[in-house]
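So the structure is just underneath, and the comments pick up after that.
Letters A, B, ... are given to chains in the order of the sequence lines, protein chains preceding strands, and every chain is numbered from 1. No experiment lies behind these values; they were computed from the predicted model shown.
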Protein chains: 2
Amino acid sequence: MGLHHPATEDLELPTVLHALSDPQRLRIVRKLSADPEPRACGSFEMDVSKSTCTHHFRVLREAGVIEQQVLGTSRLNSLRREDLDERFPGLLDAVLASADAKSAAPA
Amino acid sequence: MGLHHPATEDLELPTVLHALSDPQRLRIVRKLSADPEPRACGSFEMDVSKSTCTHHFRVLREAGVIEQQVLGTSRLNSLRREDLDERFPGLLDAVLASADAKSAAPA
DNA sequence: GCAGCAGTTCGATAAACGTCGTACAATTAA
DNA sequence: TTAATTGTACGACGTTTATCGAACTGCTGC
């Protein structure tokens, strides 16, 4: 069965903000942004269990933040950057910039 | 007793995003942005009970999104726009613009 | 076929959340 | 002083959340 992805015009701001408000999920999104190549779930070094991972990827997908393509036994994840930019201009960039600034360790 | 407000450098991105991810709270923030005059809690037309209101204002305050000043029996609420812009440049604007766009009814 | 790998599904659990009503405190007005 | 106004504190409640482990499905390769 195909995974469900919300249409661009159906993206809800509170839902997206909630999806981005969890540290684990924020990490996923940042990695996807840093390297735009679609990546399997397993390639993210998550410090939670496999089933928790599945949960977080689903929250991101159902919020419309990521897209998941089935490839064999894997799910290739990519950011829905264009859709997000169309619906919420500047939001993703601001969130990513804020997350980067925060983690940019001072010398 | 004075109300507790987090310092600008202590603002956490996930906490702020979570504070903004609730429709009631988003409404509060939008009203504060539309009219930058500090306003009492009661002046927001909220469709929830008084105690729920108190809860939402506290979440916003503890996340560092709003400032509450005591004036008599009232709490004057204002956006911590400068602090937010310093810590998370562009974030608040992007959220507010997205919220505005969403509620801007098409013809 | 069989084993291994990638994720999902299914409870379960503990914590957090949004909501309410009632009671309370503190200020202001009569 | 009494009453009204503004908001808080305190449970209480049902829901959602983040987490886990164990069992499962579906592909890939030997």
**Asked** Any salt bridge between B/R87 and B/D10, counting N to O under 4.0 Å?
**Response** no
**Asked** Atom CG of A/L3 to atom P of D/dT25: distance rounded to whole Å?
**Response** 18 Å
**Asked** Checking B/R39 against B/F44: charged group under 6.0 Å from the ring centre and within 45 degrees of the axis?
**Response** yes
**Request:** Select base, sugar-phosphate, or nothing to describe what B/S49 touches, counting heavy atoms under 4.0 Å on all strands.
**Result:** base
**Prompt:** Whole Å only: how far is the CG atom of B/L71 from the P atom of C/dT27?
**Reply:** 11 Å
**Item:** Sidechain N-carboxylate O distance under 4.0 Å for B/R80, B/D85
**Value:** no
**Request:** Record whether the side chain of A/S51 comes under 3.5 Å of the base of D/dG21 through a donor-acceptor pair of N or O atoms.
**Result:** yes
**Prompt:** Between atom CD in A/Q68 and atom P in C/dT8, what is the gap in whole Å?
**Reply:** 6 Å
**Message:** Side chain of B/R25, heavy atoms from C-beta onward: which of C/dG18, C/dG7, D/dA18 has the nearest atom to it?
**Reply:** C/dG18
**Request:** Could you state the atom-to-atom distance from CZ of A/R58 to P of C/dT9 in whole Å?
**Result:** 7 Å
**Message:** For a quick check of understanding: with a heavy-atom distance under 4.0 Å over all strands, which category does B/H55 fall into, base, sugar-phosphate or nothing?
**Reply:** base
**Request:** When you get a sec, tell me which of D/dT8, C/dT9, C/dA26 is the closest nucleotide to the side chain of A/T54?
**Result:** C/dT9
**Item:** Options C/dT19, C/dG7, D/dA18, nucleotide nearest the side-chain atoms of A/D22
**Value:** D/dA18
**Request:** Give the rounded distance in Å between these two atoms: CZ of B/F57 and P of D/dA9.
**Result:** 15 Å
**Message:** Just the rounded figure in Å: distance from P of D/dT16 to NE2 of A/H18.
**Reply:** 11 Å
**Asked** Of A/G72 and A/D47, whose nearest nucleotide on DNA chain D comes first from the 5' end?
**Response** A/D47
**Message:** Can you tell me which nucleotide in D/dG7, D/dA18, C/dT19 comes closest to the side chain of B/Q24?
**Reply:** C/dT19
**Asked** Between A/D35 and A/R30, is there a salt bridge with N-O shorter than 4.0 Å?
**Response** no
**Proximity to the side chain of A/S74 - top-ranked nucleotide from D/dG7, C/dG7, D/dT19** = C/dG7
**Message:** I need the CE-P distance between B/M46 and D/dT8, as an integer number of Å.
**Reply:** 12 Å
**Asked** If you check every side-chain atom of B/A40, which of C/dA26, D/dG26, D/dG7 has the closest atom?
**Response** D/dG7
**Message:** Counting C-beta onward and ignoring hydrogens, is there a side-chain heavy-atom pair between B/R81 and B/S33 closer than 4.5 Å?
**Reply:** yes
**Asked** Expressed in angstrom and rounded to an integer, what is the separation of B/H56 atom NE2 from C/dC17 atom C1'?
**Response** 9 Å
